[in-house]
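Report on the following structure.
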Amino acid sequence: MEFAILGPLEVRTRTGNRIRLGGARQERLLAALLLNPGGAVPVPRLVDAVWEDRPPATADRQVRNLAGLLRRAFRKADPTGPPVLLTDGRGYRIPLDDHGLDSRLFADTVARSRRTAAAGQQSAAAAGLRQALSLWRGPVLDGLEGQLIDSGAVPLDELRLTAWEDCLDLDAALGRHRASIPELTGLVTDHPLRERFVGQLMRALHASGRTADALTVHRRFTGRLAEELGLDPSPELRRLHLALLTAGVVPDPGPGSGGAGPSTGPPAAGARTAAPRTAGRPGGPAEERGGAVRATATARDDAGADPDPEAATAEGGHGPRPTMPVPVPAQLPPSLATFTGRAAELAALDAFTEAAASPAPSSPGSRTGPGSASAARICAVSGSAGIGKSALVVQWAHRIRGRFPGGQLYADLHGFSAEPPLTPHAVLARFLRALGVPGEQVPGAPEEAAALYRSMLADRRVLVVLDNARSAEQVRPLLPAAPECLTVVTSRAGLAGLTARDGARPLTLDLMPAPDAVALLDRVIGTRRARSEPAAVAELASVCGRLPLALAIAASRLAERPGRTVADHVAELRDSGNRLTALAIDDDAASAVRAALDLSYRTLPAAARTLFRLLSLAPGPGLTAAAAAALCGERVAVVRPVLDQLANAHLLTHAGGDQYRLHDLLRLYAAERAAAETGRAVSTAARERLGTWYLHHADAAARLLTPHRRRIPLGAPGPWYEPPAFTTAAGAQRWCESEHGRLLGMVRSAAEHGPDALAWRLPVVLWSYWFTGPHLEDREEAARLAVAAAVRAGDWYGEGQARNDLATALGALGRHDEMLAELRLARVLFAEIGDRVGEAHAIGNLGDHCLGTGAFGQARLHFQGALTLFRAQPEEQRDDWAVRVCETKLGVTAMLAGRAREAGEYLYRALDRHRSAGDPVLEGITLYHLGDRLRRLDRPAEAAARLRQCLAVLDATTRNPRLRAEVLAALARLGEAAGPPDGQGRPGG
């Protein structure tokens, strides 16, 4: 199918035939899916799209009906085409790998054209942008209205306008000024407050000899801007205006800026260029040589000599240059006005400083107290890109600068920067000049420079801030030896060498706490604006991953657009494909989140880069070292050092034990790099290995949790697979609980990416864990995904297993009508393929359905029928576990039907069999039902004893949280405390 949303909504087949949709509701549903290309849209969001604020009570069901109508329409129009509308978890999606969408084609063409422009092919880039713009037939989804549709159109409209601006910049660079004036005039009329169009029109008019008209355009724009928004034009537009007024060279502010466009040519006649003047008068600024300020020391051994021959001719005079006092170095950069939070980290730095900056001794030889330690004082602050290391350290350094009367030295070491890292000798030269050493007297040998530096700091109390360090080797020559000095280093690397060899105190920065993140946004966008949308501000903090750089960028973009709501900005950032692009500042590419992460990523070894990309394929933000090894197809011992490299580079967080995690923005960035650098075949193989790893670990857990239950065939894993560490039922339960979210995520991933065999097998294997747990909705979702996968694969055995499990989940949720429908289908499927054991399971579950609806006579018949069928199978195929379950259920049925004696016979016999088989799961369940039977017989003391025995079994093994809650509730109703079991009520009583 070919979908078009850049104008009225249209759907055409591959042969060009247009498909007519069945009314506005179908169109709004389809529009909501197409505005989230390739991703799943949950049913509640589709309800909002179709009905806005007034959905009917049956809205969920009607959405599913609408989806079915769309499916039929697409299938009728193109019977042989790939599927169009897929069920995905709790929603729907359109797989755009198999279908076309004009908005995606537009975005891809724009991106390709921009890369062409960056390569210097301006004419081809302009043609590509024109081709992209020609895809637009009108406003996005013209004719459809609604908040969701309007918010989804915003990023597309913005991309269209920026593409138009880029195209006109290229036209200007190609000299097409006069031809672009009509187009620009119309654009400025349609978008009167879009400054970049205004600047482009002014440039085109000026280049066409119409400077007066250009000045009129500026006057109208500034008047309207002031009247409607109370704002002044940007510095770029003001510079352009000044150049036109003075007939000078039109400034080129660079691509993407408010007045973007090329310079219009050489300076006009009479234009003046100001030349920099070198100050040489006494008392004037210090001379500059090689970009570094030189100051002459007041006390020198060769006081009468001047090694600089230029001094003899300064100001036309002769003799030595006048000297000037050397100021105490105060090199700290300004602190951020918007710095917020980090109270715990500031307190940690303060506590560390108390010892390092104690009062100086009053006389030689009297050094006592904390300040007298013989080792240098060092603090190493590390964290990921954009985490706020520099901002924290500079803010804190300004607070405590008074404790260091010898001054503050600062250097950005460019360890992770577009520029090459500074050498230690280059930094030493800067520091020595700042301390009063003339430039020509700075030693050329690095060792001598370091020795002189340490000598000059020996009797001073100086704060040294070494920002953005690459490694301990880069930092070590810059460390003062004096104990009264304090050195603070920031780095994206862990700098473990400084801790091990130099005694540095490590301080690792994590993401901002949520309240601090909200406070930062409040501070930048304004309290009134933030408090008008508190929920959206909190969501914005979450979408930015609580990363300070991302928060600052998002807040600054909002501050620049006072008419935009926070909710609209959140909606733009929610598009994960656009989030990193949106977290950038115009004309400051280095401040973008993506650019900051690029610098860290490029420093990694090849193996670490490969693993980092593969981590984006994991079903969730975290995983274990063993799961990471499965992604790579390697043993854990091989992969663990690479994980540690990523953690040391703060591109991965070691969350304790064997756990690692990627925060949201790092995960998005890793996915970007994977899409760009990792082939589809490699990604698919990695996903399948990870799914196989989870499947076999889940099967190992199931064999411990329900050891006697029949297993499904899995096949052998690869040679890289290592068995799980857990060896007991309790350990298996703990593993399942800790991995619950990732197991569900793996099911979703397999349902989306394949293979279908994994997508149905994993939920079926997990039944042994889920049937005792509280995650009923997750269990239902996984079972539905399993059914869909088995149907896609045409696997009747898998479909029967999945429908059987879905039925048990629906029964636990009390949805008995749906349960019955699934069981009937499962029974037919098993019968068709001749799987009598599977058919018996379905019949037994029909008995559960009857129990839930109160049809006790029918329940008894189903359980007896299942038992007969189980026992009729050959011994090697018989499911002893299921037989014992049916016997227990017959006891429960008799109890609920009021046949207490018969219930006791069944339950006590079942209890003995469970104990003989060593099955604590069914033992605990049966003890609970025996306690319930005794309660119904009005024997509360005996009932409580049985229930407490049940608790003891649960606590000693798998716990079974759902059953445990029921036991505690029953004990409470009996007036008993859930204490340790005693000797009362022994089995057989």
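The first residue in the sequence is number 1, and the count goes up from there.
Among pairs with a residue in residues 909-942, none fulfils ring pair (Phe, Tyr, Trp, His ring centres under 6.0 Å), at least two apart in sequence or across chains. Within the structure, the side-chain hydrogen bond (donor to acceptor under 3.5 Å, both in side chains) test picks out the following pairs touching residues 794-806 (sequence neighbours left out): Tyr797-Gln801, Glu799-Arg803, Arg803-Glu822, Asn804-Asn845. Here ring pair (Phe, Tyr, Trp, His ring centres under 6.0 Å) pairs that include residues 828-866, with residues two or more places apart or in two chains, are His841-Phe870. Sorted by first and then second residue, the salt bridge (charged side-chain N to carboxylate O under 4.0 Å, His left out) pairs with a member in residues 859-871 read Arg860-Glu902, Arg871-Glu887; sequence neighbours excluded.
Partners of Ser738 by side chain to side chain contact (heavy atoms under 4.5 Å, CB included), not counting sequence neighbours: none found. With sequence neighbours excluded, the residues that form a ring-ring contact (aromatic ring centres under 6.0 Å, His included) with His775 are His740. Listed by chain and residue number, nothing satisfies the ring-ring contact (aromatic ring centres under 6.0 Å, His included) test with Trp720 (two or more places apart in sequence, or in another chain). Scored by the side chain to side chain contact (heavy atoms under 4.5 Å, CB included) test, Gln659 finds Thr624, Ala655, Glu739, Arg742 as partners (sequence neighbours excluded). Residues passing the side chain to side chain contact (heavy atoms under 4.5 Å, CB included) test with Leu861, sequence neighbours excluded: Gln858, Gln864. Every residue meeting the side chain to side chain contact (heavy atoms under 4.5 Å, CB included) condition with Arg824, not counting sequence neighbours, appears here in chain and number order: Leu820.
Between Thr728 and Arg734, the side chains place no donor N or O within less than 3.5 Å of an acceptor N or O (distance only, hydrogens not considered). In this structure, a donor-acceptor pair under 3.5 Å is present between the side chains of Tyr660 and Asp644.
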Would Tyr92 and Val41 count as a side chain to side chain contact (heavy atoms under 4.5 Å, CB included) if you check the C-alpha gap in whole Å, the side-chain angles of each, and the deciding distance to 0.1 Å?
-> CA-CA 5 Å; Tyr92 297 90; Val41 182; over 6 Å; no
Given the rule in the salt bridge (Lys or Arg N to Asp or Glu O under 4.0 Å) test, do Glu781 and Arg784 qualify, once you have shown the distances and angles that lead to the verdict?
-> CA-CA 5 Å; Glu781 178 190 350; Arg784 289 194 183 280; over 6 Å; no
Which is it for Arg661 and Leu652 under the side chain to side chain contact (heavy atoms under 4.5 Å, CB included) test, yes or no, and what are the steps along the way?
-> CA-CA 6 Å; Arg661 63 178 174 85; Leu652 182 68; 5.8 Å; no
Side chain to side chain contact (heavy atoms under 4.5 Å, CB included) between Asp60 and Arg64, worked out = CA-CA 7 Å; Asp60 285 12; Arg64 293 186 171 89; 3.8 Å; yes
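Here the side chains of Thr87 and Arg71 are in contact, with some heavy-atom distance below 4.5 Å. Using a 4.5 Å heavy-atom threshold, the side chains of Leu968 and Leu947 count as separate. Using a 4.5 Å cut-off on side-chain heavy atoms (C-beta onward), Leu829 and Asp835 make no contact. Residues Thr692 and Tyr721 have side chains not in contact (no heavy-atom distance under 4.5 Å, counting atoms from C-beta outward). Within the 4.5 Å cutoff, no side-chain heavy atoms of Leu617 are placed close to those of Leu690. Under the 4.5 Å side-chain criterion, counting only non-hydrogen atoms from C-beta, Leu851 is in contact with Leu896. By the 4.5 Å heavy-atom criterion applied to side chains, Gln62 and Val47 are not counted as neighbours. Looking at heavy atoms from C-beta onward, Leu867 lies in side-chain contact with Val883 at the 4.5 angstrom threshold.
How far CG of Asp699 is from CD1 of Ile712: 7.5 Å, rounded to the nearest 0.5 Å. Within the model, atoms OH of Tyr694 and OG of Ser749 stand 10.5 Å from one another, a figure rounded to the nearest 0.5 Å. One distance of note links CZ of Arg93 with CG of Leu86; it measures 5.0 Å at 0.5 Å rounding. Rounding to the nearest 0.5 Å gives a distance of 10.0 Å between OG1 of Thr888 and CZ of Arg909. Separating the CG atom in Leu646 from the NE2 atom in His654 is a distance of 12.5 Å, to the nearest 0.5 Å.
Of the listed residues (Arg884, Arg946, Arg915, Arg913), just one forms a salt bridge (charged side-chain N to carboxylate O under 4.0 Å, His left out) with Glu923, and that residue is Arg915.
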Would you tabulate the side-chain donor-acceptor contacts of residues 632-640 under 3.5 Å, counting partners in other chains and residues two or more places apart, or write 'none'?
unit_1, atom_1, unit_2, atom_2, d
Arg635, NH2, Pro719, O, 3.1
Arg640, NH1, Asp658, OD1, 2.8

Could you go through residues 753-767 and list every donor-acceptor pair under 3.5 Å that involves a side-chain atom there, pairing it with any protein atom two or more places apart or in another chain?
unit_1, atom_1, unit_2, atom_2, d
Asp756, OD1, Arg792, NE, 3.1
Asp756, OD1, Arg792, NH2, 2.8
Arg761, NE, Pro713, O, 3.0
Trp767, NE1, Thr808, OG1, 3.2

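Listed here is the closest heavy atom pair of Thr926 and Leu907: CG2-O, 3.4 Å. What you find for His697 and Glu722 is that their closest heavy atoms are CE1-O, 3.5 Å. In terms of heavy atoms, Ala866 sits closest to Gly844 at CB-N, 3.7 Å.
Ion pairing between Asp932 and Arg935 holds under the 4.0 Å rule for side-chain N and carboxylate O.
For the pair Arg709 and Trp881, the distance from NZ or CZ to the six-membered ring centre is under 6.0 Å and the angle to the ring normal is within 45 degrees.
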